[in-house]
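Only one structure is covered here, and it is reproduced in the block below.
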Amino acid sequence: MGKKFYITTAIAYTSRKPHIGNTYEIVLTDAIARFRRFLGDDVFFLTGTDEHGQKIQEIAEKEGIAPQAYVDRIAGQIKDIADMLNVSYDKFIRTTDDYHIAAVQKIFKKLYEQGDIYKSEYEGWYCTPCESFWTETQLVDGKCPDCNREVKKTKEEAYFFKMSKYQDRLIKYIEENPDFIQPESRKKEMINNFLKVGLQDLCVSRTSFNWGIPVDFDDKHVVYVWIDALSNYITALGYSPDSKGELYNKYWPADVHIIGKDILRFHTIYWPIMLMALGEPLPKQVFGHPWLLFGEEKMSKSRGNVIYADELIDHFGVDAVRYYLLHEMPYAQDGSITYDTFIARYNSDLANTLGNLVNRTVAMINKYFGGEIKKGEFGGEFDEDLRSVATSAISNIENMMKTWHIADSIDEIWKVVNRANKYIDETTPWILAKSEEERSRLAGVLYNLAETIRIISGLLTSFMPKTAEEIKNQIGAQDISYESLKTFGNLKDGTKVGAAVPLFARIDAEAKLEELFSDAEEKIDIAPFKDYCDFEDFEKLDIRVGKVLECEKVPKSDKLLRFTLEVGSETRQILSGIAKFHKAEELVGKNVIFIANLKPRKIMGFESQGMILSAEFKDGLTALTTINEIQSGAEIV
């Protein structure tokens, strides 16, 4: 085996099914991992899911299921999408795995016992979607500086990590290791915007929710996201402070963490400092890739511009999706996807340029030589240039892949594809076929094309593995290994080609767009249906109409509204967690639907005598109301 190479993605957060922008990262990482294996390296490729936190607990509570059941479902979807995309990961870690939980508890305890973690109290602003704390001065127009969402005032007991203790050491490390943060622009951002202005101590535990890894020496606390999630890169290899494990000793430090640019701070500041505190080596490099946008906007369910990988695969196939993701993302700038641009690329690059080259060549070998590749006559006017372009590609791509220039690597492959198509036009094999005297020259031309296609097949294995295999089979190639691509002439005389089957059928853009948008209207993303219940169970629920007489926010609560309902000749007080989605005054006078026979319970010092029914709507909630003016107290049957 060649040299060891350890590569990771960021672990995906299990709050929602990932869209195509989230999925780009794992395909990018897979292409790199496959290429390193192609070179002969001993590769370990890690991916997985981040499954704890307040956001997940809140979503699970809304759905009425346990957080573990919720993350099991989403983690399954994430893994399924990775498998659909033919991702060749070596391990899929989940932060709910027992071995990870045990290791995180030991890491937390070690850092505490050596004085790097201390208990105090946090008071400030908290963004639930980003799971980030902010000071007043860090907010932008009173909102989270990362996602521009609402934040809420929080005060709670917490453990803190002494980030400032390691600040100067980290600055020195980054300056002495100029390739540690890539691209270069991201490095300057981290140093100037965060490190040199001074690091605040980092909150690393929470008490306001319980869906997390318990701090084993203080059971009021759960380990907060950073120590839990970031340590997956070493716990997956068997690391624990008291036992490092065979895989850890073999593969750590990581050669590269592939992450989104939005989480660069956590991976280039928090994570290295944690490793310094543990006395462990730092990863060799962190690469912060750009975003894949829908047109010019970041994808968001609330904007209605989300595209999912599995839906694209259903319509276009796995390798077409991989091709677009890898080719349309620049090295350091955001990429873009729309259905129109996807179809245009599919038709021009895959169906016309690549697919047509393979199809024409195999068809001509079948037609003119009964399906056998013959070496024939060489040394024609255009032969040497074709060979030169084909054989120089692998070294060019190797250099580009070492610096994660994936799109440029694919461009290099298409230079070979385009040169081969041009070679067909230059040599006009259909004209050569008309003359018996040119038969040897015709054989040579078709051999050159077949051998070039063999090299293209090898070059594609890291990016479009299924297509590479199909091309290899069509031309009957035996060897498309890394070493074989450096020389021209590997195909043996007499090699039998297969049938000329189109690799990518051209798409009618107008018809496909109509189909896609028709599907989008039909495939509304909804929560899964719950298990069947007996009619007798349903009959136990007393569901009524109540008229809202009064509605006001509950003091000291960001999400609770207190309702006074008219229910026939009596009144009811009900608390409902929909303050973020409705103004209190807009609900007064409305008829709402509520469950009347839930046992009363105390919430924030008020008795709640039922539950108002709401529906999830665009990442929010809306209270269910009636169309017509109905007598309050009416029973829903």
Ile74 vs Arg16 side-chain heavy atoms within contact, under 4.5 Å: no
Over all atoms of both residues, closest heavy-atom pair of Ala33 and Val43: O-CG2, 3.9 Å
With His100 via ring pair (Phe, Tyr, Trp, His ring centres under 6.0 Å) - residues at least two apart: none
Non-hydrogen side-chain atoms of Glu328 and Ser336 separated by less than 4.5 Å: no
Contacts of type side chain to side chain donor-acceptor pair (under 3.5 Å), residue Ser409, not counting sequence neighbours: none
Side-chain heavy-atom pair Ile181, Leu264 within 4.5 angstrom cut-off: yes
Salt-bridge present (Asp479, Arg454; N to O < 4.0 Å): no
Point-to-point distance, once rounded to the nearest 0.5 Å, from CG of Asp408 to CE of Met400: 5.5 Å
Leu516 vs Lys512 side-chain heavy atoms within contact, under 4.5 Å: yes
Side-chain touch Thr49/Phe92, heavy atoms, less than 4.5 angstrom: yes
Summary of side chain to side chain donor-acceptor pair (under 3.5 Å) pairs that have at least one residue in residues 424-437, sequence neighbours excluded: Arg419-Glu426
Salt-bridge criterion met for Arg36 and Asp42 (N-O under 4.0 Å): no
Enumerate, atom names and distances included, each donor-acceptor pair closer than 3.5 Å involving a side-chain atom of residues 364-372, sequence neighbours excluded.
from, atom 1, to, atom 2, distance (Å)
Asn366, ND2, Val362, O, 3.2
Asn366, ND2, Gly498, O, 3.0
Glu372, OE1, Lys374, NZ, 2.8

Side chain to side chain donor-acceptor pair (under 3.5 Å) partners of residues 492-505, not counting sequence neighbours, each pair once: none
Salt-bridge present (Lys3, Asp41; N to O < 4.0 Å): no
Plane angle bin for His257 and Trp252 - parallel if under 30°, tilted between 30 and 60°, otherwise perpendicular: tilted
Distance, nearest 0.5 Å, that separates CG of Asp319 from CG of Leu350: 9.0 Å
Test: Arg387 and Glu384 ion pair at under 4.0 Å: no
Phe504, Phe342, Tyr346, Trp414 screened by ring-ring contact (aromatic ring centres under 6.0 Å, His included) with Tyr323, the one that passes: Trp414
pair Ile20-Val321: side-chain heavy atoms closer than 4.5 Å: yes
Side-chain donor or acceptor of Asp334 paired with backbone N/O of Leu292 under 3.5 Å: no
Check: Thr23 side chain, His19 main-chain N or O, donor-acceptor pair, under 3.5 Å: yes
Selection residues 439-449 - residue pairs positive for salt bridge (Lys or Arg N to Asp or Glu O under 4.0 Å), sequence neighbours left out: Asp383-Arg441
Asp50 vs Thr14 side-chain heavy atoms within contact, under 4.5 Å: no
Chi angles and distances behind the ring pair (Phe, Tyr, Trp, His ring centres under 6.0 Å) call for Tyr233, His267: CA-CA 11 Å; Tyr233 304 121; His267 284 77; 5.6 Å; yes
Main-chain N/O of Val389 paired to Ser392 side chain as donor or acceptor, under 3.5 Å: yes
Backbone of Thr47 reached by a side-chain donor or acceptor of Thr9 within 3.5 Å: no
NZ or CZ of Arg345 within 45° of Tyr324 ring axis and under 6.0 Å: no
Side chains of Leu46 and Asn232 in contact at under 4.5 Å (non-hydrogen atoms): yes
Interatomic spacing from CE in Met464 to CD in Glu470 - rounded to 0.5 Å: 9.0 Å
Whether Ser440 side chain and Gly376 backbone form a donor-acceptor pair below 3.5 Å: no
Atom pair CG/CD1 of Asn396 and Ile413 - distance to nearest 0.5 Å: 11.5 Å
Heavy-atom donor-acceptor pair, Thr391 side chain to Lys486 backbone, under 3.5 Å: no
Distance, nearest 0.5 Å, that separates CD of Gln68 from CD of Glu51: 6.5 Å
Test side chain to side chain donor-acceptor pair (under 3.5 Å) applied to Asn352 - qualifying residues, sequence neighbours left out: Arg506
Modelled atom types, side-chain donor and acceptor of Asn399 and His405, under 3.5 Å: no
Nearest-0.5 Å distance that lies between atom OH in Tyr423 and atom CG in Asn448: 4.0 Å
Parallel, tilted or perpendicular: ring planes of Phe517 versus Tyr339, cut at 30 and 60 degrees: perpendicular
Sequence neighbours excluded - ring pair (Phe, Tyr, Trp, His ring centres under 6.0 Å) pairs with any residue from residues 373-394: Phe378-Tyr447
With Asn177 via side chain to side chain donor-acceptor pair (under 3.5 Å) - residues at least two apart: none
Salt bridge (charged side-chain N to carboxylate O under 4.0 Å, His left out) evaluation trace for Asp72 with Arg94: CA-CA 10 Å; Asp72 285 347; Arg94 297 180 57 185; 2.6 Å; yes
Sequence neighbours excluded, every pair satisfying ring pair (Phe, Tyr, Trp, His ring centres under 6.0 Å) that has a member inside residues 23-45: Tyr6-Phe44, Tyr24-His289, Phe44-Tyr251
Exceeds 12 heavy-atom contacts within 6.0 angstrom, atom NZ of Lys466: no
N/O donor-acceptor pair under 3.5 Å between Glu451 side chain and Asn490 backbone: yes
For Arg37, side chain to side chain donor-acceptor pair (under 3.5 Å) partners two or more places apart: Ser88, Asp90
Tyr70 side chain vs Ser15 backbone, donor-acceptor pair below 3.5 Å: yes
Pairs where residues 462-492 contributes a residue and the test ring pair (Phe, Tyr, Trp, His ring centres under 6.0 Å) is met, not counting sequence neighbours: none
side-chain hydrogen bond (donor to acceptor under 3.5 Å, both in side chains) between Asp314 and Tyr308, intermediate numbers included: CA-CA 10 Å; Asp314 286 345; Tyr308 293 105; over 6 Å; no
Expected output: side-chain Asp508 to main-chain Glu510 donor-acceptor under 3.5 Å: yes
